[in-house]
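Atoms within a ligand are numbered from 1 in the order they appear, just like the ligands themselves.
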Amino acid sequence: FDIALWDLKARRANLPLAKLLGAHRDSVRCYNTSGGFLHETVEQIKDNATRTLESGVGAIKIKVGLPDRSEDLRRVAAVREHLGDGVPLMVDANQQWDRPTALRVGRALEEFDLVWIEEPLDAYDVEGHAELARSLTTAVATGEMLTSVAEHYELIRAGAVDVLQPDAPRVGGITQFLKLATLADHHHLQLAPHFAMEIHVHLAAAYPREPWVEHFDWLHPLFNERLETRDGRMHLSDRPGLGITLADQTRAWTVETATTDAPR
Ligand SMILES: [Mg+2]
């Protein structure tokens with residue numbers, strides 16, 4: 001509801017949401033997040049990466065966290081070699097490591113010039129993340145699983161994160177996200193919102209420091225419009241509000257009225 005109300009507010013102002021929020025830019029750096037899952041072979045990941053870059057998305061993120069840590073390193077090395085030095089590369093461990101493993105693998109990954117290491121530890125291990133962030137020169141990214149500003153603030157206050165990854169729907173909508181963005185900027189953090197690029201492209205465009213947006217096509221069937229990506233960036237449209245409308249098949253899944261038998 002919060003997101004829908006912000007969409008409505010921007011539509012009534014006849015402005016794209018990013019502009020209503022005071023956008024700092026018309027496009028945001030974007031990376032592909034779905035080309036390097038653990039079940040895929042290195043060859044598949046390399047092919048996915050090539051196609052991704054050709055499509056105008058500018059960076060690649062791959063999963064790590066296999067039971068065999070040396071296999072993780074081999075995969076990252078192969079992808080880095082395939083991409084060359086100029087293409088930004090990130091890894092995402094999806095909370096697979098304990099503290100010693102995260103430190104050991106994190107140190108071994110330093111040589112690949114990663115943009116960040118994502119979710120190296122349990123999402124709620126604030127102390128572990130703080131220790132890791134102090135020990136590694138590679139940025140530590142986390143926050144996608146957290147459900148409130150207060151939980152994110154624990155991370156921020158402890159110095160446990162370099163790249164904050166809030167998820168607007170998960171933290172309670174755009175109102176809460178904006179509070180977090182202010183906190184993150186005040187603490188000089190990078191911002192890379194999690195999932196739902198259709199919403200986050202606007203919020204990232206309004207963040208003062210150059211952010212990243214995660215390119216996911218999973219929600220495409222829901223909407224009539226497509227976000228434009230070229231030259232490594234996702235571009236805002238000039239359509240008002242979020243700039244998206246529900247596809248017919250999605251409308252069919254919604255209801256117009258609901259009745260309840262709540263006591264009078
Ligand atoms: Mg992730």
Side-chain angles (χ1 to χ4, degrees), residues 28-40 44-45 48-49 52 57-67 69 72-73 75-76 79-80 83 87-99 101-103 105-106 109 112 114-126 128-130 132-133 136 138-149 151-152 154-156 160-172 176-177 180-181 184 189-201 203-204 207 211-220 227 229 234:
V28 182
R29 293 181 295 187
C30 63
Y31 68 93
N32 182 20
T33 204
S34 8
F37 289 106
L38 293 180
H39 66 272
E40 289 171 303
Q44 283 173 315
I45 294 174
N48 291 341
T52 293
V57 174
I60 305 293
K61 188 170 85 184
I62 69 169
K63 300 292 186 185
V64 289
L66 288 164
R69 296 195 295 263
D72 274 333
L73 295 174
R75 289 160 68 90
V76 174
V79 175
R80 170 49 86 204
L83 296 176
V87 177
L89 174 65
M90 305 83 163
V91 299
D92 186 352
N94 288 106
Q95 311 178 65
Q96 290 294 302
W97 296 326
D98 56 21
R99 291 182 185 186
T101 307
L103 183 57
V105 183
L109 288 169
F112 301 113
L114 301 175
V115 182
W116 68 65
I117 299 176
E118 180 170 329
E119 286 202 309
L121 299 167
D122 181 285
Y124 289 92
D125 183 0
V126 175
H129 279 99
L132 196 64
L136 299 179
T138 309
V140 170
T142 192
E144 68 176 70
M145 299 302 292
L146 304 185
T147 58
S148 68
V149 173
E151 287 177 356
H152 276 275
E154 288 292 306
L155 281 179
I156 294 170
V161 59
D162 302 300
V163 184
L164 199 68
Q165 299 187 296
D167 179 311
R170 202 169 263 171
V171 297
Q176 300 303 312
F177 187 103
L180 254 183
L189 299 182
Q190 298 178 63
L191 186 78
H194 169 251
F195 197 54
M197 62 183 186
E198 291 80 359
I199 299 168
H200 289 132
V201 68
L203 306 182
Y207 189 63
W212 285 95
V213 163
E214 185 168 28
H215 187 277
F216 264 108
D217 56 13
W218 298 0
L219 301 181
H220 276 175
L227 285 161
T229 54
M234 192 177 291

**Q** Please work out the angle at the Mg ion (ligand 1) defined by atom OE2 of Glu118 on one side and atom OD2 of Asp92 on the other, rounded to 10°.
**A** 90°

**Q** Under 6.0 Å between ring centres, would you say that holds for His200 and Phe195?
**A** no

**Q** Could you tell me whether any N, O or S atom belonging to Glu214 is less than 2.8 Å from the Mg ion (ligand 1)?
**A** no

**Q** Which heavy atom in Ala139 sits nearest to a heavy atom in Val163, and how many Å separate them?
**A** CB-CG2, 4.0 Å

**Q** Any salt bridge linking Glu214 with Lys61? Criterion: basic side-chain nitrogen under 4.0 Å from a carboxylate oxygen.
**A** yes

**Q** Under 3.5 Å, is there a donor-acceptor pair between the side chain of Asp72 and the main chain of Gly65?
**A** yes

**Q** Hey, is the Mg ion (ligand 1) within less than 2.8 Å of some N/O/S atom on Glu144?
**A** yes

